[in-house]
Amino acid sequence: MSNSLKNVTNINKKEFQKDLIGWFEREQRDLPWRKDQDPYKVWVSEIMLQQTRVDTVIPYFNRFISEFPTIEALSNADEEKVLKAWEGLGYYSRVRNLQSAVREVHEQYGGKVPNTPKEISSLKGVGPYTAGAILSIAYGVPEPAVDGNVMRVFSRILSIWDDIAKASSRKVFEEAVRAFISHENPSYFNQALMELGALICTPTSPSCLLCPVREHCHAFEEGTQNELPVKTKAKKQRKVQLAAVVLKDTEGRTVIQKRPSSGLLANLWQFPNVEIHLPVLGDREQLLSNLKEEYEIQCDIGELVGHIEHVFSHLVWNINVYEGTLVEPIKSSDTLKLVDQEEIESFAFPVSHQKMLRQYYKKE
DNA sequence: GACCCGTGGTA
DNA sequence: TTACCAAGGGT
């Protein structure tokens, strides 16, 4: 056993399970993905919930399941529509991986989500947490599903001082879950840990007096609940300067381009823009030369109409936005289009460019 | 292990 | 305003 788990044997496992699961049965929230245990819906919900709040996910989940209700529906869906359904949720590789994996299930597993750790973990976008979540919730398999909640809850219950920001710490908490998980109801056990983390055992000012398992909690006994878990700070975001142009033709249509199929905001659509490495050249000159060289677009760059700051988890965009007009017509392609106000609605944009769309495109 | 990959809410 | 956060995974 890991040295971090020296307190495991001090806790009555059966009593702990009973108190935790009993609380979950009484207090669990009524959430749309809890209406049944359809493995596909459990899967979709778990992908959406990665690093994303429950309140944010709810409307996306309802719309997504309404539009793509089954494995087959999502397998056959147009990628553009799937991305559009994810627009605004962030971490867009999640949905590309999801559709790719769903297609694999459709073709290789006869449309049935696999129920073994090895098979399910081999699917794109399904890591250790998601594998355990689907296996336990959809199939009742007693596998750990260790997310940030579970690490926080168990760091307090067992007084584990490992840094939860380190990837290597996850296995310590998986070991803790394996020591306590209910084999009668792994689904409720795992969900209860996360629900407890979300509602009671919160990051700051946990509600210990309302906690159903405070009698089992070492941190509560020692008064260290506000010092746990240990988590090192994230480093600051890098700043990136951009210049973008809302480029119109003589009929009021606007140029949009598709982002590369990998990296930041992959496959989303945007207004033409360039990263400004050297400010000395000037935004207009760099936009002009980029559009000419990359797309053979001849245009005039007009007024600076505004600027947008957009904060990502790991960087900050500062975008100067210009108006522009096409000098000669362009040819549409898979990655470059001229669209009117109605057509543009069907393309998925990152939030930063949605702001441009609202502020600088729909005028006049 | 370090870094990349989004967004909106909150103290 | 700043910093941190929220049901992680890929490379």
Side-chain angles (χ1 to χ4, degrees), chain A residues 24 28-29 31-34 41-61 83 86-98 100-101 120-138 144-153 163-171 173-174 177 187 189-199 201-205 229 231-238 240 259-268 270 309-317 348-355:
Chain A
F24 182 71
Q28 66 170 293
R29 290 168 291 181
L31 300 173
W33 46 89
R34 288 180 175 162
K41 286 187 238 172
V42 171
W43 186 3
V44 170
S45 72
E46 291 302 339
I47 300 298
M48 284 189 172
L49 285 163
Q50 288 171 6
Q51 301 290 288
T52 311
R53 287 183 158 73
V54 165
D55 288 343
T56 301
V57 167
I58 290 171
Y60 280 92
F61 177 83
L83 201 52
W86 207 269
E87 183 184 46
L89 246 194
Y91 287 137
Y92 299 95
S93 67
R94 289 185 294 177
V95 74
R96 282 198 314 155
N97 289 336
L98 175 63
S100 168
I120 202 161
S121 297
S122 74
L123 298 170
K124 278 185 189 166
V126 178
Y129 163 75
T130 305
I134 297 172
L135 288 169
S136 61
I137 297 170
V146 174
D147 70 339
N149 286 308
V150 173
M151 289 196 280
R152 183 171 60 257
V153 169
D163 181 0
I164 67 168
K166 292 183 182 300
S168 58
S169 296
R170 200 196 66 251
K171 66 181 188 302
F173 293 92
E174 285 177 347
V177 172
S187 168
F189 184 88
N190 280 342
Q191 291 188 74
L193 284 177
M194 293 187 276
E195 195 83 340
L196 190 68
L199 301 181
C201 196
T202 48
T204 58
S205 57
K231 187 176 185 181
T232 53
K233 299 183 198 305
K235 61 176 214 177
K236 281 182 64 178
Q237 300 104 325
R238 178 169 54 95
V240 175
R259 294 180 59 84
S261 58
S262 65
L264 184 66
L265 305 167
N267 285 349
L268 273 70
Q270 64 180 3
E309 181 182 270
H310 190 77
V311 179
F312 297 87
S313 52
H314 60 301
L315 56 87
V316 180
W317 270 1
F349 283 78
V351 167
S352 52
H353 286 251
Q354 290 176 40
K355 292 177 192 168

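Each chain gets a letter, A, B and so on, in the order its sequence line appears, and its residues count up from 1. The structure presented is a predicted model; accordingly, all values stated were derived computationally and were not measured.
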Atom [atom1] of [X] and atom [atom2] of [N]: how far apart are they, to the nearest Å?
X        : N     : atom1 : atom2 : value
A:Asp147 : C:dG9 : CG    : P     : 9 Å
A:Glu195 : C:dA6 : CD    : P     : 14 Å
A:Arg170 : B:dG1 : CZ    : P     : 11 Å
A:Lys235 : B:dG1 : NZ    : C1'   : 13 Å
A:Gln237 : C:dA3 : CD    : C1'   : 9 Å
A:Leu31  : C:dA6 : CG    : C1'   : 14 Å
A:Ile120 : C:dG9 : CD1   : C1'   : 15 Å
A:Glu174 : C:dG9 : CD    : P     : 10 Å

Got a sec: does the NZ of A:Lys355 have more than 12 other heavy atoms crowding it under 6.0 Å?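 Above 12, so yes.
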How about A:Arg29: does its CZ atom have over 12 heavy atoms from other parts shown lying under 6.0 Å from it? yes
Could you tell me if A:Glu46 and A:Tyr129 have a donor-acceptor pair between their side chains, going purely by distance under 3.5 Å?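 There is such a pair between these side chains.
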Student check: side-chain heavy atoms of A:Phe61 and A:Leu49 closer than 4.5 Å: no
Side chain proximity check, A:Ile47 to A:Val95, heavy atoms < 4.5 angstrom: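 SC-SC contact between A:Ile47 and A:Val95 ruled out.
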Considering heavy-atom distances to DNA chain C, does A:Asn97 or A:Arg29 have its closest nucleotide positioned more toward the 5' end? A:Arg29
With distance as the sole test, does A:Arg170 use its side chain to make a donor-acceptor pair with the main-chain N or O of A:Val146 at under 3.5 Å?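 No, the answer is negative, given that no donor and acceptor are paired below the 3.5 Å cut-off.
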Name the nucleic acid region contacted by [X], choosing base, sugar-phosphate or nothing; use a 4.0 angstrom heavy-atom cut-off, strictly under.
X        : result
A:Ser168 : sugar-phosphate
A:Trp317 : nothing
A:Arg259 : nothing
A:Lys233 : sugar-phosphate

Expected string for nucleotides 5-11 of chain B under the B/S/- scheme (protein heavy atoms, under 4.0 Å, primed atoms plus P, OP1, OP2 as sugar-phosphate) is BBBB---
Does A:Arg152 put a side-chain nitrogen or oxygen below 4.0 Å from OP1 or OP2 of C:dA6?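 Answer is yes, contact under 4.0 Å.
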Distance, P atom - from B:dG8 to C:dG9, rounded to whole angstrom: 22 Å
With rounding to the closest Å, how many angstrom separate the P atoms on C:dA6 and B:dC5?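 It works out to 23 Å between them.
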Pairs touching residues 89-98 of chain A that satisfy side chain to side chain donor-acceptor pair (under 3.5 Å), sequence neighbours left out: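 Output for this query lists A:Thr52-A:Arg94.
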